[in-house]
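Structure first, then comments.
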Amino acid sequence: MMNRAIVEATALGVLLAACLAVWWGARGRRVLSDGGVVERESIRNEFDRLQRAALRWLTTTDHKDVGLLYIVFGTVAGVWGGIDAMMMRTELLTPAADIWTPETYNALFTTHGLTMLIFFAAPVFFGIGNYVLPLLLGADDMAFPRVNAIGFWLLPPALLLARAGLFIQVGGQLLNLVLPAEPIRFLLTVREVGVGWTLYAPLSIQSPNPQLDLLLLGLHLSGIATTIGAINFIATVFYERADDVTWASLDIFSWNMLVTSGLALFAFPLLGSAIVMLLLDRNFGTTFFTSDGGGALLWQHLFWFWGHPEVYILFLPATGLMSLLLPKFVGRKLFGFRAVVYSTLGLSVLSFGVWAHHMFVTGIDPRIGASFMAVSIAIAVPSAIKVFNWLTTMWDGNIRMTAPLILCAGGIGTFIIGGVTGVFLAVIPIDILYHGTYYVVGHFHLIVVGIIPFMMIAASYYWYPLITGRWYDRRLARFQSVLLVFGGTVAFMTLLVIGGLGLPRRQAIYPAEFQLAQQIATVGSYVVGISALLWLYNMLASYWQGDRVESTDPWNLKKTNQFTNEWQWFEARMVDRYDMTPTEPETVRRSYAPEAEAASSLSSGAVGSTWRIVASNASLAAIGGFVGTVLMAGGLGTAALVGVFDLVSLIELAELVGLPPNPILGVGLFLVGGTVTWPLLFLAFSDYLPGRMLFETGLVFATIISSGFILAFYTGQSGLALVGYLAFVLVAHWAYGLGLTVTFRYLQTRRRDRLEAGDA
């Protein structure tokens, strides 16, 4: 067995040395005034300069500096937690625990989870918020600059306390080379915590490891830091906005940071209280979470009442960045801005009402479980609104294939998969089946890795010119982005599959038949790790070697009317410092403006009350749907004749809704659905995607719904029969889409002509 502490400390040391080497190499390329010879005096000057820089960074209260400190701290923590993950995945290359012991594996997934959730994601988002939020608001600084700095400086000691076990263990082992074991026995017995990142009682109470107490103190300190930061964000948004920044014109990222801060303000004090109670149970014999007191379930309730909002504390800033960045690279303003804001508010409220869905397997009262199941399913609605608005923003846009755009598109894809798989987990019977498997790991990581780091890196690329005045290596950034999306998808989709097959999670040893899948997931994880290192190299090296920005509008945002406040600040600074001429575009592309769009299919040509409009359009849709269904039946009938479509699936359709297993009833249901349900959805869909021909929208709609048909009516075809089944279903649905749209358009035109004739 390998020594985990030595390996991890060595990995951190090598990575730090590599960063210093990049820094030294990049600085060494500068041409010195003395012909390139580094003299003793120049070294002394450099040392003095470093001292002044260190003093400045230790005492600064400027929001931009504090923001960078947050980002650097979060990056260090993320790399540390990432090393944990790589070591964990390395162990899972083989079914047996032959690299680390099971105890070491438990410690790895404990520290990986806590480091990533507490010390990586939230600090990085707080750093981004600190840097850009005052610029977006037109404020000079955060509301309480000194408190802001204090909030940050609580985090480094918190991380060191939480991860002190590694240093104590390494120190003890080094001292043991020259000292006997007895005097340093305490150092040799301390280990990183291995009770799981949820710290469930009674194990967390009974564990004799003193590092667990240090971990709890570190978590408590980080909670205080987060609460301080949240208060500062809320005060800044409320009181530091410029006069022209109203609630209606507040940017979407500031909205998300405001809501996130509100969540943190309610969630973290509760975690702090629970941690204090756990410390008292461990050290003073209280009974908050013991069987003769509140019981172990009380800890789970308190933990998840913080834990589930914590997921949204990490998720909402990422969605804010997505909503902010995506429009910049598709040339259109965010579609449905108000809907996105309302969905953010909805998520924040609902996130506090779903904690017990983590506890379905604890045997809670079924009536309570059912209510939490309903709320957990309902939380998918505001999430879906965001996704639809992002997709709609991209629709008909002028897409620029930059690194941030690749990450945005990849993040949407992984979030859709992660979100949909989460809906299944909200259902009690399915959750009980999959709760202890890798399915949960795959679902969770497709969200927290699939969108949170993606958006962090996308933001770093987007604002890199603003922060440094230089460009990063854009080709390397595109490659790194593709690599990250690919690696994340391979790793976590594989976990989703093996979890669906029933492989238990949180175990270092697993059945041999899952070895290939585990190896594929590990390779995907390594790709993610390599991608992260490439990003880090790009950021460091480009800081000294990157091309200087030679435009006040490096992303050509003026061309699409999206030259927002922070870039206006950047332009003013470039003009003042470097006497640059403000960049002006030759042409300006019209951004999406709902009031300027053509009338929608729902209201085009209609007059009278809303009820008349709805009734009229519903009748047109029903006629169009009927025609489309008849055309579709021709394609499906042909498929049935050639033997690639089994009519028994229609019988199953009747059984599904509680009717007798009769094929005629199944056909009737199919006809009703095609006439009523899908046309109404099509109307909403076509109204949601303006600017395209109805005919084209119908084909897209039919193609999308065909995927559901393929799954619902699949009856075990394979080989050529399966190919034929897929082809006939697709063609039949296109026929449906054509019939629906052509009929609808024809009737709509007739109605408009009739109305115009009446008016004349």
With a 4.5 Å limit on heavy-atom distance, are the side chains of [X] and [Y] in contact?
{"X": "Y131", "Y": "V66", "value": "no"}
{"X": "L135", "Y": "N565", "value": "no"}
{"X": "Y472", "Y": "W535", "value": "no"}

*Please check if atom CZ in F266 has more than 12 non-hydrogen atoms from other residues, nucleotides or ligands closer than 6.0 Å.*
no

So [X] and [Y], would you call those rings parallel, tilted or perpendicular, with 30° and 60° as cut-offs?
{"X": "F315", "Y": "Y312", "result": "perpendicular"}
{"X": "W255", "Y": "W247", "result": "tilted"}
{"X": "F352", "Y": "F305", "result": "tilted"}

*Give the intermediate values and the outcome of side chain to side chain contact (heavy atoms under 4.5 Å, CB included) for residues L536 and T75.*
CA-CA 9 Å; L536 187 60; T75 302; 4.1 Å; yes

*Enumerate the residue pairs fulfilling salt bridge (charged side-chain N to carboxylate O under 4.0 Å, His left out) with a member in residues 232-261, sequence neighbours excluded, ordered by first and then second residue.*
none

*Consider only side-chain N and O atoms of S348 and S351, and report whether a donor and an acceptor are under 3.5 Å apart.*
no

*May I ask you to check whether S531 and Q480 show a side-chain donor-acceptor distance below 3.5 Å?*
yes

*Validation row, ring centre W299 to ring centre F288 under 6.0 Å*: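 That pair fails the under 6.0 Å test.
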
*Are W569 and W463 close enough, and set up right, to give a ring-ring contact (aromatic ring centres under 6.0 Å, His included), and what steps lead you there?*
CA-CA 12 Å; W569 169 84; W463 282 311; over 10 Å; no

*Do R56 and D65 sit within salt-bridge range, that is, some charged N less than 4.0 Å from a carboxylate O?*
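Answer for the salt bridge query: yes.
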
*Option passing ring pair (Phe, Tyr, Trp, His ring centres under 6.0 Å) with F126 (candidates F119, F73, F233)*: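 Only one option passes, and that is F233.
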
_Under the rule for salt bridge (charged side-chain N to carboxylate O under 4.0 Å, His left out), what residues qualify as partners of E8, not counting sequence neighbours?_
R4, R163

